[in-house]
Amino acid sequence: MSLINRAFAVKADQEDALASFRNRFFIADPKMIYLDGNSLGMLPAHTSACINDVVENEWGTGLIRSWNSHWYTRSQQIAAKLAPIVGARPDEVIIADSTSVNLFKLAFAALQHNKNRKTIVSDELNFPSDLYVLQGLASLMGEGYQLKLVKSANGIDIDQYELEQHIDENTALVSLSHVLFKSAYMYDMAQVTRIAQQKGALVLWDLSHAAGAVLVNLNRCHADLAIGCTYKYLNGGPGSLAYLYVRKDLQAQLQSPIWGWFGQENPFAFDLDYQPAKRIERFLAGTPPVLSLSAIEPALDLLIEAGMDQLRQKSIALSSYLLDLFYKYLQPLGFKLQSPADAGSRGSHISISHPEAYRICRALIHKNTGSRVVIPDFREPDVIRLGIAPLYNSWCDIYDAVSEIKDITQNRWFEKFPQSKETVT
Ligand SMILES: *Cc1c(COP(=O)(O)O)cnc(C)c1O
């Protein structure tokens, strides 16, 4: 059976051992194709009931008593579920704050630790918020501190040799995204970590586009530090709390710049002097938003049940299928591939570019253009990202989405949409 007809996709879905996980999500429109799980994961069907229970029983009935019975250790409890997904020990991960704030906390701690070195190395394809935080930190640290960015030759990947050249005896910290947000290029975490550590630098990995999408093993890579969000492939909900990881043997040597009471050795002693907790809790600051925190657990349970090995296999199979269809149907229409062609150095989304990418995106999302709604996302200046979330995306999703992109482009249906951009793309 040809790869290129829909019957192939239907059959592949029938044989997919993970197919039933799609029904564990809230589906408002069964015909809609959601390819933006790399920006905001879908709502697990069970989450509403969990949150409702937290609201009515834990908050409404339990009131303040629920701090002892449920809430005080919830961050640790969820971290323990997340730890195996990123290849860490439960006592090396904590759920707290946002990714940007966690980056600041850990990058600051790393600079304090490597005080005789004043350079931070990152790359020009890193997520802008990460670069802003690092710029701000370098400026706050003062005289001599600087952020050096490794350039990309093609806008898709970073040459590892080029990166190596930037790391020297003045590098305090190398801060990179494991999977790049635009192209989905994936660094070799083990190798980069080794190179940086050999030169005496600490390495901080942003796992936002990696956790839940690819196999991450922080312990096996002997990674120093990591952060990431829980609202993309981890499906924790809009703006859900982020996480941070500090390798066990580094914990006692590093200190958070925010000395809040949740990071104090004994918060309820109400001591007047700050004494940092001995363990990972020292990187907490203040009271977590319990409602949002509670939405992360049911989402992680689904990932754990499906298994990361199986999910990664399905992600590679779906993205390879998407590439086959891309070469056959979209490349001839002027689309260019903006992701690595090799699955081994690619995360779980595929980026393609086209001069009319923005209007094509608008047409895909609009319900009266084409035969169904497809939700990808657009990234400046001309990139469409097609996110593949193996927990709920199907072969038919991929086939039908490519058909829609092809029809909209070939028939120029995008022309009825304006060029002007909406606030959130
Ligand atoms: C999504 C993402 C973030 C998000 O940061 P917030 O503080 O949650 O807004 C940070 N870094 C990377 C690499 C991301 O992909």
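Whatever order the structure lists them in is the order used to number ligands and atoms, beginning at 1. Note: hydrogens, waters and symmetry copies are ignored here, and every other heavy atom, side chains too, is used.
- Both the backbone and the side chain of S100 come within 4.0 Å of ligand 1, judged by heavy-atom distances.
- With Q112 contributing its side chain and L254 its backbone, the two residues share no donor-acceptor pair below 3.5 Å.
- Using a distance-only test at 3.5 Å, with no hydrogens or angles considered, a donor-acceptor pair links the side chain of E265 to the main chain of K278.
- Salt-bridge check for D29 with K31: failed, with every basic side-chain N at 4.0 Å or more from each acidic carboxylate O.
- Neither the backbone nor the side chain of V101 comes within contact range of ligand 1; no heavy atom lies under 4.0 Å.
- Annotation: atom 9 (O) of ligand 1 to nearest protein heavy atom, Y231 OH, 3.5 Å.
- Contact atoms of ligand 1 toward S177: 13 (C) (distance under 4.0 Å to a heavy atom of the residue).
- Classified by interplanar angle (parallel below 30°, tilted 30° to 60°, perpendicular above 60°), the ring pair Y399/Y321 is parallel.
- Put simply, no part of S129 is less than 4.0 Å from ligand 1, judged by heavy atoms.
- Looking at H209 next to ligand 1, an N or O pair under 3.5 Å apart turns up.
- Taking a cut-off of under 4.0 Å to the non-hydrogen atoms of S98, the atoms of ligand 1 that pass are 7 (O).
- In terms of protein heavy atoms, atom 3 (C) of ligand 1 is closest to F127 CE2, 3.5 Å.
- Counting heavy atoms closer than 4.0 Å to ligand 1, residue T99 contributes atoms from both its backbone and its side chain.
- Close contacts of ligand 1 with K232, meaning ligand atoms under 4.0 Å from a residue heavy atom, involve 1 (C), 2 (C), 3 (C), 14 (C), 15 (O).
- For the 3.5 Å distance criterion, the side chains of D382 and Q338 fail to qualify, holding no donor opposite an acceptor.
- A ring-centre distance under 6.0 Å is not found for Y327 and F335.
- By the 6.0 Å contact criterion, NZ on K328 is open, its count of non-hydrogen atoms from other residues, nucleotides or ligands being 12 or less.
- Aromatic ring pairs are classed by plane angle as parallel below 30°, tilted from 30° to 60° and perpendicular above 60°; the pair W259 and Y274 is parallel.
- In this structure, the protein non-hydrogen atom closest to atom 12 (C) of ligand 1 is D206 OD2, 3.3 Å.
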